[in-house]
Protein chains: 2
Amino acid sequence: MNITTKGRYALKIMIDLAQQGEDQVVSLKAIAQRQDISMKYLEAIAAILHKADYITSIRGKNGGYRLSRKPKDYVLSELLRLTEGSLAPVSCLESGCPNAEGCITQPLWAGLERHMDEYLSKITLQDVLDGTVPG
Amino acid sequence: MNITTKGRYALKIMIDLAQQGEDQVVSLKAIAQRQDISMKYLEAIAAILHKADYITSIRGKNGGYRLSRKPKDYVLSELLRLTEGSLAPVSCLESGCPNAEGCITQPLWAGLERHMDEYLSKITLQDVLDGTVPG
DNA sequence: TGAATTCCTACTAATTTTGTAGTAAAATAC
DNA sequence: GTATTTTACTACAAAATTAGTAGGAATTCA
């Protein structure tokens, strides 16, 4: 039951970008140094965020990234779903398990996923920045 | 973000034992056949359950396992914690991260774990058997 | 032109998950 | 008291996923 480094580092990228100033262009090199993460690995994660248009890239010298939206407009459930692939605690929830009907445990996993989603859907990047993550 | 087969198969063992009748002694061979899971793998998982006294073993011919308690006395959060090791979505919550104080994301992960725990603490094995898992 | 940076593809290493194999020990049935 | 069935234990192995590297092409700025 783990959020991988992919999801955690993605969040760190978003937080770092926000903290440097919303319209500031920040290079991965700078983020890698501040967060003490391999820059090459961050590249791969930034690619995911960029592809989904969560961050905007500026290529070339003095280039880097910045947030595409305001921090309050990023919802944690979506960010994690993007980087982790899914929030489903068991794969049968995702890929349409043929036995889903008769499966006695299915409601349990579905309920767990729903609860996680409900919690994470209430939290925005801004909340994380402010330290006002709801209990 | 996954519950592994270890946790899922452990639950299947518990469900199977309950369904065969509470005082019935059931061999892993029978469970393996019914649930279509390798018996050798089930052995390893049953060992965990046995060690924690979730199930009682009867060795020798006609031996097997049965539940140690009533189904309503098994709480899902505990069962999953036992087999999965932890419900913490990030390892820094478990092993006392030295940077926990200054970590801006810590409240998010802690909140997520608490929500998962709250949900799973309300559900017993009996609920799963009855199909009355709370929404 | 040179330096800094994103972008892209492929590869590799480490870790975890998911098992398997083999054998010992216990209990029962005969 | 022997054969059979079953759990208990230890060690190993295969597969999958996660995490990270390497190298270079394309882009932009100075």
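Chain identifiers are assigned alphabetically (A, B, ...) following the order of the sequence lines, protein sequences preceding nucleic acid strands; residue numbering begins at 1 within each chain.
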*Met39(A) or Asn2(A), whichever maps to the more 5' nucleotide of DNA chain C*: Met39(A)

Can you tell me if [X] touches the phosphate of [N], counting only side-chain N or O atoms and a distance under 4.0 Å to OP1 or OP2?
{"X": "Tyr41(A)", "N": "dA14(C)", "value": "no"}
{"X": "Ser38(A)", "N": "dA19(D)", "value": "no"}
{"X": "Thr4(A)", "N": "dT17(D)", "value": "no"}
{"X": "Tyr9(A)", "N": "dT18(D)", "value": "no"}
{"X": "Asn62(B)", "N": "dA29(C)", "value": "yes"}
{"X": "Ser27(A)", "N": "dA4(C)", "value": "no"}
{"X": "His50(A)", "N": "dT6(C)", "value": "no"}
{"X": "Thr5(B)", "N": "dT18(C)", "value": "yes"}

*asked:* Can you tell me whether the side chain of Arg59(B) and the base of dA25(C) have a donor-acceptor pair closer than 3.5 Å?
replied: yes

*Report yes or no: is there a donor-acceptor pair, N or O only, under 3.5 Å between the side chain of Lys40(A) and the base of dG23(D)?*
yes

*When you measure from the side chain of Lys29(A), which nucleotide among dC7(C), dT28(D), dT5(C) comes out closest?*
dT5(C)

_Glu43(A), nearest nucleotide to its side chain (from dC8(C), dG22(C), dT5(D))_ = dC8(C)

*May I ask you to test the Thr56(B)-Leu67(B) pair for a side-chain heavy-atom distance under 4.5 Å?*
no

If I take atom [atom1] in residue [X] and atom [atom2] in nucleotide [N], what distance separates them, rounded to the nearest angstrom?
{"X": "Leu49(A)", "N": "dC8(C)", "atom1": "CG", "atom2": "C1'", "answer": "17 Å"}
{"X": "Arg66(B)", "N": "dT7(D)", "atom1": "CZ", "atom2": "C1'", "answer": "14 Å"}
{"X": "Lys6(B)", "N": "dA16(D)", "atom1": "NZ", "atom2": "C1'", "answer": "16 Å"}

